[in-house]
Amino acid sequence: MNAFSRRSLITGATAIGLLAALPTSAHALPAPPPVTPNRRAFAPAEQRFAQYLMLVSPMVADMNASGFFGGGWWRNPNASYNARVQEHVYTLAWFATQSRSWNPYRGSAQVIAALDAGLGHYLGLQHADGSWPEYSRDQHSLAATGFGMGYLSKTNALLRRAGVLPGRQAQITASLRRAMTWFLDGANETVWQSPLTWANQTASGLAGAALALKQDPDAGLRQRLTEAFARLARTGQSPAGYFYEESGADTNYNFEVMLPELADAWRQSEDPSLVAMTRKYTDWLGYNLLREPDGSGWFANIAPNSRTSSKFYADVRPDPERTALNNQFVPVVPDLAAFLSSREDLAAARTAWAADPAPVPALVKPDTSPRILSHAIYGERYPSRAERTAAIARLPYQRAHFTERRSDQGQDFLFVRRPRWYLGGYFGVRRATSLARTGLTFLWHPVAGTLVQSMNNNNHACWATVFPGQVPDANGPQQAEFLGGEPYRFRYRTASGSVVTEVTVGDRITRTVRASGAATEQIPLVVRDSDTVSLDSRGLTLTRGRVVVRFDWGRSLVPQLRPASTITYPGRRMHILTVPHDGTFTLVVTAR
């Protein structure tokens with residue numbers, strides 16, 4: 001359903017009457033009554049609004065007289081100078097202007113008064129050059145400006161079609177023009193580094209600019225936007241396929257923020273550069289999201305991640321869901337269908353949600369992103385189950401044999417597929433950030449699924465050789481030699497040479513470690529609740545259905561296996577295998 005449908009909006013005459021009824025006291029921002037949503041009242045594609053409906057009353061109650069969205073509902077710091085906190089103007093604008101049987105806030109004088117105050121505070125934070133602050137009042141923030149352009153342009157679209165707050169509409173239009181002038185300037189190094197530092201933030205501003213220029217055309221700014229899309233493609237995406245987040249890959253920001261922003265920008269602009277970027281990134285996802293053969297979900301190759309740690313994606317992801325807008329690209333990038341819910345599966349999940357007798361759960365501060373609501377603007381283009389199944393069958397690692405190596409900025413990404421294994425690695429003379437972990441990053445079996453997932457930003461749950469004091473070789477750059485051959489062989493080492501690791505991949509995987517002193521082999525195993533695990537002095541045996549996997553070190557040592565305290569997945573939990581040794585260690589992994 002189109003969120004800007006004319007039949008659902010307030011008429012101009014009604015809006016004029018509402019404005020006349022708004023409280024005039026500078027200190028009067030009364031909150032509207034709270035609402036308890038009825039699940040069955042929501043159309044399937046609008047179930048995402050139920051939890052946000054519950055936010056309106058307490059959110060307005062927390063606003064101060066100046067229009068600051070206090071209460072910690074969204075971004076940190078929860079400070080009056082942080083323009084990002086004000087992005088919930090879009091939330092109030094949606095509920096103030098949209099007619100639904102379950103939305104009592106449409107036309108609410110209290111909500112419109114709060115929206116008016118919130119916009120006043122938001123616009124008042126803008127610097128003369130067009131930018132907004134985030135972490136300090138004097139900052140000229142890429143993120144606050146980029147995302148602000150998106151929310152303000154969408155808010156203005158709602159207000160215009162509803163005929164609400166005409167004075168604010170004019171102010172938003174002027175504000176967006178100043179913001180675009182700042183943001184689209186190719187010489188502005190806050191926005192345009194080369195390569196980009198935070199590509200998702202730059203993309204967000206281009207999406208906002210695309211909508212703003214549809215509302216208020218400007219030939220000069222339109223030309224600069226077209227140039228900016230081309231610049232984004234050149235400087236925002238690695239030749240390896242991922243989008244730059246602090247010069248590295250990051251599943252969360254790439255898949256959950258950047259790609260939806262590209263979809264938003266593309267629906268507004270139809271710029272072909274955005275489709276080409278999406279195809280390239282979809283190819284990257286095909287190596288880095290590991291599908292469980294039982295269809296339960298996807299493990300992410302997160303050890304190389306530069307910023308966040310999104311470990312696992314369920315196979316069906318109903319709203320509220322951050323990747324939802326990616327479905328817009330499915331008609332032109334059909335391989336992307338593999339990583340989205342199918343129409344049929346999503347419909348079943350939504351039917352179950354509507355029938356659930358439990359109350360709609362409240363969102364927890366600050367996890368109340370207004371982006372979830374903005375995803376509803378364009379309708380849905382989810383793939384059919386058949387289209388999705390076909391896309392899954394085209395995943396690279398559905399093939400039985402390949403060796404794929406991709407490099408960028410001193411980083412090497414290795415993907416080795418053999419009939420019994422799919423193994424990943426991350427190496428190089430540098431790593432994107434200190435959060436990334438190098439070395440072997442995952443191990444997947446075509447029948448058993450994911451067996452090892454190495455974490456980032458975690459010295460206790462990465463696949464590593466660990467010295468006393470919990471010092472893993474993975475927490476630092478490790479340069480690799482790709483020796484080739486069959487079985488495929490490669491070798492990597494720490495910068496000091498304190499650990500040299502050689503790996504061969506064929507019918508079995510052999511990992512040989514030579515360390516400068518006593519150390520511990522550490523392996524983060526993914527163990528299903530239904531698995532059988534047996535540990536002895538010479539190895540570990542994991543039985544998953546009809547597959548038996550053996551991690552064997554061939555001599556008597558004193559291993560330990562413990563569950564990770566916080567790393568869980570649906571029906572699974574991480575267990576950390578540690579094997580102390582004298583500095584020389586050989587591990588052989590077999591499956592039958």
Checklist line | Within 45° cone of Phe413 ring axis and under 6.0 Å: Arg406 NZ or CZ | finding: no
Check: Which heavy-atom pair separates Val503 from Leu423 by the least distance, and what is that distance?
Finding: CG1-CD2, 4.1 Å
Check: Listed by chain and number, what are the ring pair (Phe, Tyr, Trp, His ring centres under 6.0 Å) partners of Trp463, not counting sequence neighbours?
Finding: none
Item checked: Heavy-atom neighbours of Arg317 CZ exceed 12 at 6.0 Å -> yes
Check: Looking at Phe442, Phe312, Phe339, which one forms a ring pair (Phe, Tyr, Trp, His ring centres under 6.0 Å) with Trp298?
Finding: Phe339
Checklist line | Arg493 and Glu502 ion-paired at < 4.0 Å | finding: no
Notebook entry, point to check: Would you call Glu521 and Arg511 a salt bridge, taking side-chain N to carboxylate O under 4.0 Å as the test?
Noted result: yes
Item checked: Note: Glu87-Arg75 ion pair, threshold 4.0 Å (strictly below) -> no
Notebook entry, point to check: Can we say Arg385 and Asp345 salt-bridge, meaning some charged N sits less than 4.0 Å from an Asp/Glu carboxylate O?
Noted result: yes
Margin query: A quick test of your reading: do over 12 heavy atoms of other residues, nucleotides or ligands sit less than 6.0 Å from CD of Glu481?
Written below: yes
Notebook entry, point to check: Which residues satisfy the ring pair (Phe, Tyr, Trp, His ring centres under 6.0 Å) test with Trp73, sequence neighbours excluded?
Noted result: none
Checklist line | Any donor-acceptor N or O pair under 3.5 Å, side chains Arg437, Asn305 | finding: no
Checklist line | Charged N-O contact under 4.0 Å between Asp294 and Arg528 | finding: yes
Notebook entry, point to check: Which of parallel (below 30°), tilted (30 to 60°) and perpendicular (above 60°) describes Phe490 and Tyr488?
Noted result: tilted
Check: Have Glu344 and Tyr382 got a donor and an acceptor in their side chains that come within less than 3.5 Å?
Finding: no
Note to self: Is the ring pair Trp421/His445 parallel, tilted or perpendicular, if the boundaries are 30 and 60 degrees?
What the structure shows: perpendicular
